[in-house]
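Worksheet: the structure to be examined is printed underneath.
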There are 2 protein chains.
Amino acid sequence: MKLITRNTDYALRALCYMSKHQDIISVDELVNKLGVPRPFMRKILQRLNQERILASYKGQGGGFKLKLKPDRIYMIQIMRIFQGNVGLNGCFLKKGICPDKVRCVLRKKIHAIEDSVFRQLGKINIVSLI
Amino acid sequence: MKLITRNTDYALRALCYMSKHQDIISVDELVNKLGVPRPFMRKILQRLNQERILASYKGQGGGFKLKLKPDRIYMIQIMRIFQGNVGLNGCFLKKGICPDKVRCVLRKKIHAIEDSVFRQLGKINIVSLI
DNA sequence: ACAAATGATACTAATATGGTATCATTAATT
DNA sequence: AATTAATGATACCATATTAGTATCATTTGT
Ligand code: FES
Ligand code: FES
């Protein structure tokens, strides 16, 4: 079990790099600096563009640029984009067996743990990673 | 992204049930109470037996019984069994690009978060779940 | 001997992850 | 205007993990 996946990891590293070089950066440059497979890196950056974390510039001399300030980009946000809404797994028990979702202690406990994880992740932004 | 998987979930629920009924419990009983697919439940219990958390009794009237006291069985232990050693994902960058693993801030940060998660999971035992 | 349980193990199905490949679109350079 | 260097969109493929099934062997109480 791993807490963060590759695309999250690569995204974070790309964002870190871009926050150090505030001009327009091409995929090629990132690929060279980070050693990530080119098409995969592209996919990740395109996604970050769709999510309005990056701005993209087409055509010659184009590339990507941070749209937000590095201290406004949080790790949890990137994780949510690439790993889905990190949430409590639903109760797997069949109907009629799960007795009372609202009061289920197991559920509550897991929820509390997750809350704490999110609070911590919510504190970490790109600035704190560079 | 989910923090716990089905087999962990089912295992926890089975252990909770068994800690309330300290005699020998058959797979059938657990299946009926929890609504988990029978062969899957068996596999899970067999694993818990191998891991010496349960004791098993073969033959007629057989089944499983807690081998440890409920306050000695921790959630993190069950997660490790079914979800692997929950640990820091390695650096994905190619050699020559990852500059200095020891000092990598990203690595340190993630490690700190994980540590905290484990500390919390390490506090939760079966007793606290029932 | 028989039936009722688990042990061991191999197999299958579904989903998530980690990519590739391709063609369209845009915009600077010539 | 043509070329070229970039991204946009999308479909596809490969691998790993998760979730579950199936089968036969072994043990043990009746
Ligand atoms: S048993 Fe359904 S939420 Fe706990
Ligand atoms: S870049 Fe390799 S551990 Fe951070």
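By convention in this document, chain letters (A, B, ...) are assigned in the order of the sequence lines, proteins followed by strands, and residues within each chain are numbered from 1.
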request  = Take the protein atom CG of A:D9 and the nucleotide atom P of C:dT17, then report the distance between them rounded to whole Å.
outcome  = 14 Å

task = Nearest 0.5 Å please: distance from the CG atom of A:N49 over to the OH atom of A:Y57.
result = 9.5 Å

remark   = To the nearest angstrom, the CD1-C1' distance between A:I25 and D:dT7 comes to 15 Å

task = Write down the distance between CZ (B:R6) and C1' (D:dT17), rounded to a whole number of angstrom.
result = 14 Å

ask   = For C:dG7, does either OP1 or OP2 sit under 4.0 Å from a side-chain N or O belonging to B:N49?
value = yes

query = Taking the side chain of B:T5 as its heavy atoms from C-beta onward, which of D:dT7, C:dT6, D:dA19 lies nearest to it?
reply = D:dA19

Under 3.5 Å, N/O pairs linking protein and nucleotides 27-30 of chain C:
{"residue": "C:dA28", "atom": "N3", "partner": "A:Q60", "partner atom": "OE1", "Å": "3.3"}
{"residue": "C:dT29", "atom": "O4'", "partner": "A:Q60", "partner atom": "OE1", "Å": "3.0"}

ask   = Does a side-chain heavy-atom distance below 4.5 Å link B:L66 with B:I126?
value = no

Check: A:I53 and A:I73 side chains under 4.5 Å, non-hydrogen atoms = yes

query = Could you give the CZ-to-P distance, from A:R47 to D:dT10, as a whole number of Å?
reply = 13 Å

request  = Determine: side-chain N/O of A:S56 to OP1/OP2 of D:dG8, distance under 4.0 Å, yes or no.
outcome  = yes

request  = Output the single nucleotide from C:dG19, D:dG20, C:dA5 whose closest atom is nearest the side chain of B:Y10.
outcome  = D:dG20

note = Against the side chain of A:F40, the closest entry in D:dT18, C:dG19, C:dA5 is C:dG19

ask   = Does B:V31 reach the side chain of B:F40, with side-chain heavy atoms less than 4.5 Å apart?
value = no

message = Between B:K2 and D:dA19, is there a contact of a side-chain N or O with OP1 or OP2 at under 4.0 Å?
response = yes

message = Is the phosphate of D:dT18 approached by B:Q83 (side-chain N or O, under 4.0 Å from OP1 or OP2)?
response = no

ask   = Under the side-chain contact (heavy atoms from CB on, under 4.5 Å) criterion, do A:L30 and A:Y10 qualify, and how do the steps go?
value = CA-CA 10 Å; A:L30 284 166; A:Y10 291 159; over 6 Å; no

query = When rounded to the nearest 0.5 angstrom, what is the spacing between CE in B:M41 and CG in B:N7?
reply = 9.5 Å

remark   = When every non-hydrogen atom of A:L45 is compared with those of A:A14, the smallest separation belongs to CD2-CB, 4.3 Å

ask   = Quick one: A:N32 CG to D:dA6 P, roughly how many Å, whole number?
value = 11 Å

message = Is there a side-chain contact between A:V36 and A:R13 in this structure, where contact means two heavy atoms from C-beta onward sitting under 4.5 Å apart?
response = no

request  = Round to the nearest Å and state the distance from B:F82 atom CZ to D:dG20 atom C1'.
outcome  = 14 Å

ask   = Which heavy-atom pair separates A:V27 from A:R42 by the least distance, and what is that distance?
value = CG1-CG, 3.7 Å

Residue whose closest nucleotide on DNA chain C lies nearer the 5' end, B:D28 versus A:R38 = B:D28

message = Evaluate B:E51 against B:R47 for salt bridge (Lys or Arg N to Asp or Glu O under 4.0 Å), listing each step before the verdict.
response = CA-CA 6 Å; B:E51 301 284 342; B:R47 187 70 197 279; 3.1 Å; yes

key: Nucleotide C:dA5, atom P - distance to NZ of B:K65 in whole Å   = 18 Å

Protein-nucleic acid N or O pairs under 3.5 Å, nucleotides 22-24 of chain D:
none

message = Please report the distance, rounded to the nearest Å, between CZ in B:F64 and P in C:dA4.
response = 18 Å

